[in-house]
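The structure under discussion appears below in the form of structure tokens.
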Number of protein chains: 2
Amino acid sequence: MDKNLKRMATMHRMQTKGLELFYKKGYYNTSIDDILKELDLSKGAFYYHFQSKEDFFVSIVQNMVVRKVYNLMIEPIEGKADPVTAIERCFENALATAEHNELDYGFVLGNFITEFNGRNQEISKYLKDIYKVWEVNLVTTLQKGKTDGFIARHVDSEGVASFLIASYMGIRVLMVEGNSRMLGYNYMQQIKQYLKSIAETQLV
Amino acid sequence: MDKNLKRMATMHRMQTKGLELFYKKGYYNTSIDDILKELDLSKGAFYYHFQSKEDFFVSIVQNMVVRKVYNLMIEPIEGKADPVTAIERCFENALATAEHNELDYGFVLGNFITEFNGRNQEISKYLKDIYKVWEVNLVTTLQKGKTDGFIARHVDSEGVASFLIASYMGIRVLMVEGNSRMLGYNYMQQIKQYLKSIAETQLV
DNA sequence: TGGTCAACCGACCACTTAGTCGGTTTTTTT
DNA sequence: AAAAAAACCGACTAAGTGGTCGGTTGACCA
């Protein structure tokens with residue numbers, strides 16, 4: 001326990017800086033040395049803790065990226081009674097976080113999925129798994145929303161879930177370096193309208 | 001005119017192969033040599049025609065990427081009387097093309113925007129410009145749709161336009177290597193539902 | 001005090017990268 | 001056919017790249 005403290009601390013420092021730079025510059029465009037330089041650590045330290053650059057990245061995905069997505073996108077919705085309100089609030093909050101971050105490079109998970117799509121099957125799998133967890137959670141919440149009378153019966157929960165995720169990923173791409181404030185606001189208006197159309201009360 | 005024929009032919013061969021590989025593997029993960037190897041051309045030939053890798057990529061964006069987006073996403077909608085039907089058909093066709101392409105790496109424009117976001121301002125600008133042309137065209141068509149009685153007056157055309165683009169970009173990311181058939185189908189169902197909600201006939 | 005070992009160092013290796021340049025081939029012009 | 005211009009070749013450079021490895025440090029224990 002106590003013994004592993006230093007080990008964990010260093011690994012965590014590397015992972016944090018690694019995620020920062022991979023997110024900022026992309027995986028293939030970020031070298032191990034880039035990361036180590038900013039931490040005043042050496043190659044030896046890196047390869048003492050991680051087997052390879054890929055192994056390092058996987059560890060980041062499985063620890064930090066998972067947590068980020070979970071905290072920001074899944075937890076705020078999971079099991080909530082009224083899915084419509086929960087999703088609205090969650091997305092609104094997520095976009096606001098992105099807007100207020102002056103250095104925004106897009107949605108972490110979305111960026112990585114794009115970068116590895118068709119280029120690295122193994123890493124793609126880990127990333128897609130996170131997406132799937134998110135999707136399943138959304139579907140479950142939406143289904144529960146049906147039985148609780150918040151969502152119309154005819155709604156295809158899986159369709160709605162992937163549509164929501166896709167639209168969010170897309171808007172986060174466009175929000176970088178644009179007038180993200182306006183884009184985010186407009187996006188939320190449309191999402192609200194869309195969500196209305198799947199809500200129980202507005203059944204045709 | 002005639003003089004430039006060989007020049008144009010070689011440049012075009014390079015650009016075509018360049019776009020193919022940049023799209024497949026990403027810009028930073030594709031070397032000039034990768035491209036030249038497949039064309040049986042040399043470094044000399046490349047730097048005779050292009051100033052740098054970046055200059056080369058910009059020329060690809062301004063010629064081929066622009067045209068791709070225009071042909072597939074803008075032209076089929078531009079100026080059409082009924083925007084709702086036009087957008088539906090256009091997106092359906094675009095997704096079908098993606099599905100039937102066994103080697104799909106996502107939406108070309110979306111991938112590049114993601115890769116260069118926050119990494120290369122100049123290139124980002126050229127990519128964003130294409131997005132803007134697309135957006136403006138959508139807005140114009142939607143506005144015309146209002147006066148022609150296809151779109152409800154209260155609709156925010158700009159919001160709808162960026163929402164449509166964002167959702168399309170997002171779903172194209174998810175469709176890679178997944179069960180893209182199902183995803184695409186589900187996506188279209190949701191888009192149709194959403195479009196219904198902005199159509200004139202269904203005004204609340 | 002001396003030994004042990006996890007944690008870390010940094011020179012080094014084989015390889016790839018974008019870009020250069022003197023020279024050769026091919027095509028066009030005269 | 002000769003000269004001129006355009007197109008192309010490929011060895012080379014300098015700066016990285018991921019990864020290795022023999023060696024050092026310093027905390028901890030006996």
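Reminder, nothing fancy here: chain letters follow the sequence lines and each chain counts from 1.
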Q. Under 4.0 Å between a Lys/Arg side-chain N and an Asp/Glu carboxylate O for A:Lys17 and A:Glu20?
A.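 A salt bridge is present here (some side-chain N lies under 4.0 Å from a carboxylate O).
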Please determine if a side-chain N or O atom of [X] lies less than 4.0 Å away from the OP1 or OP2 oxygen of [N].
X	N	answer
A:Thr10	C:dC8	yes
B:Tyr47	C:dT20	no
B:His49	D:dA6	no
B:Lys53	C:dA18	yes
B:Arg7	D:dA7	yes
A:Ser31	D:dT17	yes

Q: Might you work through the salt bridge (Lys or Arg N to Asp or Glu O under 4.0 Å) test for A:Glu92 and A:Lys192, ending with a clear yes or no?
A: CA-CA 10 Å; A:Glu92 202 136 48; A:Lys192 279 175 190 167; 3.5 Å; yes
Could you tell me how far apart [X] ([atom1]) and [N] ([atom2]) are, to the nearest whole angstrom?
X	N	atom1	atom2	result
A:Asp33	C:dC15	CG	C1'	15 Å
B:Asp55	C:dA18	CG	C1'	13 Å
A:Ile35	D:dG18	CD1	C1'	12 Å
B:Met11	D:dA6	CE	C1'	14 Å
A:Tyr48	D:dG22	OH	C1'	16 Å
A:Leu36	C:dA7	CG	P	17 Å
B:Phe46	D:dA6	CZ	P	20 Å
B:Asn29	D:dG16	CG	P	19 Å

Q. What orientation do B:Phe163 and A:Tyr187 show, parallel under 30°, tilted 30 to 60°, or perpendicular over 60°?
A. tilted
(Q) Tell me which one of B:Glu78, B:Met73, B:Glu75 satisfies side chain to side chain contact (heavy atoms under 4.5 Å, CB included) with B:Asn137. (A) B:Glu78
Q: Using the side chain to side chain contact (heavy atoms under 4.5 Å, CB included) rule, pick out the option among B:Gln190, B:Gln193, B:Gln189 that qualifies with A:Asp156.
A: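 Among B:Gln190, B:Gln193, B:Gln189, the one meeting side chain to side chain contact (heavy atoms under 4.5 Å, CB included) with A:Asp156 is B:Gln190.
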Q) Given that B:Met14 and A:Ile32 both sit by DNA chain D, which one's nearest nucleotide is further toward the 5' end? A)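 It is B:Met14 whose nearest nucleotide is closer to the 5' end.
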Q: Please figure out whether B:Ser42 or A:Asp34 has its closest DNA chain D nucleotide nearer the 5' end.
A: B:Ser42
Side chain of [X], heavy atoms from C-beta onward: which of [options] has the nearest atom to it?
X	options	result
A:Leu41	C:dC9, C:dT26, D:dG18	C:dC9
A:Ala45	C:dC8, D:dC8, D:dG10	C:dC8
A:Lys43	C:dG10, C:dT26, C:dT20	C:dG10

